[in-house]
Amino acid sequence: MIVTIDGPAGSGKSTISKMLAKELGATFLDTGAMYRAVTLAAIADDIDLADEDALFGVLESKQFEFNTHDNQMEVKINGIDATEGIRRPDITINVKYIAKAAKIRKKLVDMQRKFAKKHDKIVTEGRDQGTIAFPNADYKFFLIADVEERARRRHAEFTEKGLNIDLDVLEKDIRKRDESDTTRKNGPLIKAGGAIEIDSTKLDAEAVVKKILQHINP
Ligand code: DC
């Protein structure tokens with residue numbers, strides 16, 4: 001069984017997908033972590049982020065491992081743990097260069113399909129899971145929320161980690177990411193045919209998961 005959860009930054013995809021995977025006894029796949037991992041490796045190697053061939057070379061020349069343990073995605077690059085590193089703010093800002101590189105997207109989508117083959121049930125979240133990676137998924141969902149609410153959620157996450165980042169800055173970052181996610185030529189963020197749209201602006205995570213489960217187990 002494949003369940004896809006797509007949506008913009010801060011729409012609650014990760015939280016919802018992890019909770020849903022737990023409810024369904026499924027494995028969670030965070031595809032954003034894959035784009036982030038390539039970004040981290042490219043920055044570490046001082047690669048020109050505008051050079052798509054060089055970026056693809058990074059993906060080809062290093063060993064990237066994505067495994068789910070206890071519903072958490074663990075990321076390793078050449079055997080070294082990068083689970084925390086891929087969340088750095090400079091990775092979030094620069095991931096757009098990797099996300100628009102066609103050859104990288106193709107290879108990461110192949111890896112996502114291989115991951116799906118290895119597991120009986122997956123809940124996979126990203127931007128193109130219901131459109132490109134798994135157009136024949138059993139269930140597709142598209143999560144949305146107002147940009148102000150998405151910025152507030154990011155702010156709360158950073159505050160919990162002891163980081164004080166201005167709410168306005170976060171809102172601007174999210175707007176920029178929406179722009180690059182929706183306008184890129186390859187794998188843009190778009191609601192898949194047959195996807196059920198859920199607006200989480202006024203719902204907590206439990207309520208969203210409940211709504212999704214009503215569609216899966218009516
Ligand atoms: O979900 P996230 O914030 O970790 O994703 C980081 C970036 O990765 C996002 O801005 C665009 C890119 N991405 C993508 O292009 N396709 C996906 N399936 C998942 C993420």
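Counting starts at 1 for both ligands and their atoms, following the listed order. In what follows, every heavy atom counts, from backbone to side chain, and hydrogens, waters and symmetry copies are set aside. Sequential numbering from 1 along the given sequence is applied to the chain's residues.
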Taking both backbone and side-chain atoms of [X], is any N or O found less than 3.5 Å from an N or O belonging to ligand 1?
X	answer
Arg154	no
Asp30	no
Arg177	yes

Among protein heavy atoms, which sits nearest to atom 13 (N) of ligand 1, and what does the distance come to when rounded to 0.1 Å? Tyr35 CD1, 3.7 Å
If you measure from atom 2 (P) of ligand 1 to every heavy atom of Arg127, Arg184, Lys13, which option wins on shortest distance? Arg127
Identify which of Arg105, Met34, Arg87 has a heavy atom lying nearest to atom 14 (C) of ligand 1.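 Selected option, by shortest heavy-atom distance: Arg105.
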Using non-hydrogen atoms of the residue, decide whether Gln112 is closer than 4.0 angstrom to ligand 1.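 Contact check Gln112 vs ligand 1: negative.
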Give a yes/no verdict on whether any heavy atom in Lys96 is under 4.0 Å from an atom of ligand 1.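 No, that is not the case, since the closest heavy atom of the residue is not under 4.0 Å from the ligand.
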Any donor-acceptor pair under 3.5 Å linking the side chain of Lys13 with the backbone of Gly7? yes
Would you say Lys22's side chain and Asn71's backbone share a donor-acceptor pair under 3.5 angstrom? no
Qualifying residue for side chain to side chain donor-acceptor pair (under 3.5 Å) with Arg36, from Asn94, Thr31, Thr92: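 Going through Asn94, Thr31, Thr92 one by one, the side chain to side chain donor-acceptor pair (under 3.5 Å) with Arg36 is satisfied by Thr92 alone.
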Regarding Gln129 and Thr124, do their side chains bring together a donor and an acceptor under 3.5 Å, going by distance alone?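 Per modelled atom types, Gln129 and Thr124 side chains form a pair under 3.5 Å.
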Asp6 contact mode with ligand 1 (heavy-atom cut-off under 4.0 Å):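 Looking at Asp6 and ligand 1, no heavy atom falls under 4.0 Å.
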Residues that Lys103 engages under salt bridge (Lys or Arg N to Asp or Glu O under 4.0 Å), provided they are two or more places apart: Asp53
Answer whether the closest heavy-atom distance between the side chains of Arg150 and Ser11 falls below 4.5 Å.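 In short, these two side chains touch, coming nearer than 4.5 Å.
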Numbered atoms of ligand 1 (with element) below 4.0 Å of Thr31, judged on heavy atoms: 17 (C), 18 (N), 19 (C)
